[in-house]
Number of protein chains: 2
Amino acid sequence: MSASPDTSAPSRTRKIACEACPLRESGRFRDFTEQEVSFVSGFKRGELTAEAGSTIFVEGSHSPHLYTVISGWGFRYKTLEDGRRQILNYVLPGDLVGLQGTLLGEMEHSLECLSDMVLCMFERDRLGDLYKSNPALGFDITWLAAREEQILDEHLLSVGQRSALERAAYLLAYLHDRASRVGLFKDAPEISPLTQQHVADTLGLSLVHTNKTLRKLQDRQAIRWKEAGFRISDIARLKDIARWDGLPDGMRPFI
Amino acid sequence: MSASPDTSAPSRTRKIACEACPLRESGRFRDFTEQEVSFVSGFKRGELTAEAGSTIFVEGSHSPHLYTVISGWGFRYKTLEDGRRQILNYVLPGDLVGLQGTLLGEMEHSLECLSDMVLCMFERDRLGDLYKSNPALGFDITWLAAREEQILDEHLLSVGQRSALERAAYLLAYLHDRASRVGLFKDAPEISPLTQQHVADTLGLSLVHTNKTLRKLQDRQAIRWKEAGFRISDIARLKDIARWDGLPDGMRPFI
DNA sequence: CGGGACCTTGACGGAATTCAAACCGGGTGG
DNA sequence: CCACCCGGTTTGAATTCCGTCAAGGTCCCG
């Protein structure tokens, strides 16, 4: 069973120029040429600000947009007709979302905000131009798609083969790694804004059993669950329990 | 638990020109310009013929190659140190494999032949050139990556949320759909060359329970299991059991 | 004070794993 | 030709894991 999404409409505005994009400050991206940055600037259609709990797009829609996450947490998910929900992956600053819908026509999954989010919006129609005039940026998009594929491979391994305890440990370690890489824990305390229902729907476990599993991780001093969120106490222990293998880093090429 | 892969070395030869590629005969691809076809021809390094059971590449290797499947069945998988194996997806004629390794450096999964296979081999180093000189082909590669992502999303939904029976029905229906789309059942009887161990490792179920589940599908007249392989008796019933949603078709753009 | 969202716990039943054994067909070597 | 083995399938029984049901708890907010 799943939480029912609160579908309040997100608001739109337009502001920051790509030249001053806060994401590029982090030093986690490759160097772009001036020409590239200005092209992306022209490609950009505006910004979208959405609050926690709102839905950016839903399964079955034909959204003509492509987004880059500027700030906040979100998650992609799919549902079965009877309401069972599977969370596919989490999105963080720097992630590109909506590519599937853009290329393949219909959106086959939904995107919901876990926290307040700001996204940068691009026009689908001009994607072809991007490939023509800036092949390196096209290459970067492919890179991002390949990386998402790799993450999904790992999740599939997790849900298919790991035990409940391993799975939970893996997910929490994964989120911790990704969030700290994009600098989300720079100043704030290291808390991830998930509920246990989110964890359950990601791992394919019931809420009750998820709760018992998380408790076990807490008993082993690997995490601490705070109301609606958790923090990692011992990442090494967590990765050990998870039979952690990887998730290699590597420079991210694209905004 | 998993079957132990038989790692006989695949053999290499080079033959067919792209202009006469059997895949393009099928009419399932978009029309390529002469220029595109000749570029791909130059991009091509040779062909790789491998027999059933052999491994094309393994997790952790740095294969500099990219492949297109010309004929045969294969599957991508990942393993945990203790040997648990998760099959991630199946590859069929027209599929592109090895992109992750090419773009991201290290290969994070392995590829094994389910039947004898022929693959077309491309050089990784020239991928940048491809994006520069033929943006449309670069776009096509991104398209393929997005499509793989979509399939993985669906598998994740399946393994995470569907019951054993639904999951098995879904997998078999999925394989049937894909195989018939690429014309694998044109002349041959509609038999897919999987063992029950493959099914088990794909669904995240034990071999014993997989067997009992498949028996149930057979009792319901949805499939017939033949030694090392199955055929679908009633695809509609199977999709009904699976709570089948989709897998939209759409033209495939790239060789 | 009451309600809602989220976390927590116990009891019970059902689903899936594990262990164990047997069967079947094909291939191989004595 | 037969005995044997091997990979794959089948079945039963015992056990463990996980889901469902039910109830209670906490904190925050109106």
Using atom [atom1] of [X] as one end and atom [atom2] of [N] as the other, report the distance to the nearest whole Å.
| X | N | atom1 | atom2 | value |
| --- | --- | --- | --- | --- |
| A/Asp201 | D/dG19 | CG | P | 11 Å |
| B/His209 | D/dC18 | NE2 | C1' | 13 Å |
| B/Asp82 | C/dT18 | CG | P | 11 Å |
| A/Gln161 | C/dA16 | CD | C1' | 14 Å |

TODO: Output, in order, the C-alpha distance, side-chain angles, deciding distance and verdict of salt bridge (charged side-chain N to carboxylate O under 4.0 Å, His left out) for B/Lys78 and A/Asp245.
DONE: CA-CA 11 Å; B/Lys78 279 176 78 81; A/Asp245 232 1; 5.9 Å; no
TODO: Could you walk me through whether B/Gln196 and B/Asn211 pass the side chain to side chain donor-acceptor pair (under 3.5 Å) test, one step at a time?
DONE: CA-CA 7 Å; B/Gln196 297 193 352; B/Asn211 177 277; 2.9 Å; yes
Pairs under 3.5 Å (N/O, protein and nucleotides 7-14 of chain C):
| residue | atom | partner | partner atom | Å |
| --- | --- | --- | --- | --- |
| C/dC7 | OP1 | A/Gln196 | N | 3.3 |
| C/dC7 | OP1 | A/Trp225 | NE1 | 3.1 |
| C/dC7 | OP2 | A/Gln196 | N | 3.1 |
| C/dT8 | OP1 | A/Arg215 | NH2 | 3.4 |
| C/dT8 | OP2 | A/Gln196 | NE2 | 2.9 |
| C/dT8 | OP2 | A/Asn211 | ND2 | 3.0 |
| C/dT9 | OP2 | A/Arg215 | NE | 2.7 |
| C/dG10 | N7 | A/Lys212 | NZ | 3.4 |

Task: Sequence-distant partners of B/Trp73, ring pair (Phe, Tyr, Trp, His ring centres under 6.0 Å), two or more places apart - done: none
Open item on the list: Tell me every residue that passes salt bridge (charged side-chain N to carboxylate O under 4.0 Å, His left out) with A/Asp240, counting only those two or more places apart in sequence or in another chain.
Closed with: none
Task: Side-chain ion pair, B/Arg162 and B/Glu154, N-O less than 4.0 Å - done: yes
Open item on the list: Under 6.0 Å between ring centres: does that hold for A/Tyr90 and A/His198?
Closed with: no
